[in-house]
Amino acid sequence: MKIPDRRIELFTGTGSEDRFSGPATGDERAMIVAMLDAQRATLKLKCAGLGPELALRSVSPSSLSLLGLVRHLADVERRWFRAVLAGDDVELRFSSAAVPEGDFDGADPEAVAESWAAWHDEVAFAEAFVAGAPHLDVEGHDAWRGTVSLRWVLLHMIEEYARHNGHADLIRERIDGAVGV
């Protein structure tokens, strides 16, 4: 058996090669949306093939788990696209002022399907919102940042996913040894 030169050669997950195939030049909106799509696909790839194992924690004392990341990112999508940009009066699905770490602390193996469904619902809402927005300068108000544009939210979402996908790399490797980008 040949020893791989790079860690990426160890990862055989379906869809790994196609994630970053969006445009590298041209329209700003198309490039930003493609990059966010790639980050979302990376989260799915990091969780592929796992069921209840998604709830396994990284290392003590951390509460990080892949399921917690899915739930957290569902709440992040919901907050920025539904509450801030669309102006919908909605509560977060998993965390709240009373339970600020509910996305991570409440992540048990029985919640896998419900959590993925919530994430898919929020991503679908966000994708429809972005597709229907006339331009990237659409604005919303956030108590933390003040006035934000759709452009800023998309860029922030890329950062949010990229940071947490780094966590997902380490958690997945700890669960079953799967590695990759």
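Sequential numbering from 1 along the given sequence is applied to the chain's residues.
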Would you kindly confirm whether [X] and [Y] end up in one hydrophobic cluster when ILVMFWY residues are joined by side chain heavy atoms under 4.5 Å apart?
| X | Y | result |
| --- | --- | --- |
| Leu92 | Val148 | no |
| Phe125 | Trp116 | yes |
| Leu64 | Leu73 | yes |
| Trp144 | Leu155 | yes |

Point to revise | Nearest atoms (heavy-atom pairs only) where Ala55 meets Ser65 | key: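 Residues Ala55 and Ser65, closest heavy atoms: O-CB, 3.7 Å.
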Check your understanding: If you take all heavy atoms of Leu85 and Gly140, which pair is closest and at what distance?
Key ->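 Of all heavy-atom pairs spanning Leu85 and Gly140, the closest is CD2-N, 3.9 Å.
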[atom2] on [Y] to [atom1] on [X], rounded to 0.5 Å:
| X | Y | atom1 | atom2 | value |
| --- | --- | --- | --- | --- |
| Leu170 | Asn165 | CG | CG | 11.5 Å |
| Leu154 | Phe81 | CG | CZ | 5.0 Å |
| Asp103 | Ser63 | CG | OG | 8.0 Å |
| Trp80 | Met157 | CH2 | CE | 9.5 Å |
| Lys46 | Ile175 | NZ | CD1 | 11.5 Å |
| His120 | Ser115 | NE2 | OG | 11.0 Å |

For [Y], is there any backbone N or O sitting under 3.5 Å from a side-chain donor or acceptor partner on [X]?
| X | Y | value |
| --- | --- | --- |
| Arg29 | Val130 | yes |
| Arg172 | Ala48 | yes |
| Asp176 | Ala178 | yes |

Going by heavy atoms in the side chains, are [X] and [Y] under 4.5 Å from each other?
| X | Y | value |
| --- | --- | --- |
| Tyr161 | Thr42 | no |
| Leu56 | Glu53 | yes |
| Arg145 | Trp152 | yes |
| Ile171 | Leu69 | yes |
| Leu50 | Val112 | no |
| Asp169 | Val179 | no |
| Glu127 | Arg40 | yes |
| Val76 | Trp119 | no |

[X] with [Y]: basic N within carboxylate O range, under 4.0 Å:
| X | Y | value |
| --- | --- | --- |
| Glu122 | Arg93 | yes |
| Arg71 | Glu101 | no |
| Glu77 | Arg82 | no |

Check your understanding: In terms of side-chain heavy atoms, does Asp75 have a donor or acceptor partner in Ser95 at a distance below 3.5 Å?
Key ->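 On atom types as modelled, these side chains qualify, holding a pair under 3.5 Å.
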Check your understanding: Do we see a donor-acceptor contact under 3.5 Å between the side chains of Gln39 and His164?
Key ->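 There is no such pair (donor and acceptor under 3.5 Å, judged by atom type) between the side chains of Gln39 and His164.
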**Study point:** Other residues, nucleotides, ligands: >12 heavy atoms within 6.0 Å of Glu91 CD
**Key:**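 Not buried by this count: 12 neighbours or fewer within 6.0 Å.
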**Study point:** Aromatic ring proximity Phe104/His72, centre distance under 6.0 Å
**Key:**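 Here the rings of His72 and Phe104 have centres that are less than 6.0 Å from each other.
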Practice item. Report the C-alpha separation of Cys47 and Val70 in whole Å, then their side-chain angles, then the decisive distance to 0.1 Å, and conclude whether the side chain to side chain contact (heavy atoms under 4.5 Å, CB included) test is met. Key: CA-CA 9 Å; Cys47 297; Val70 168; 4.1 Å; yes
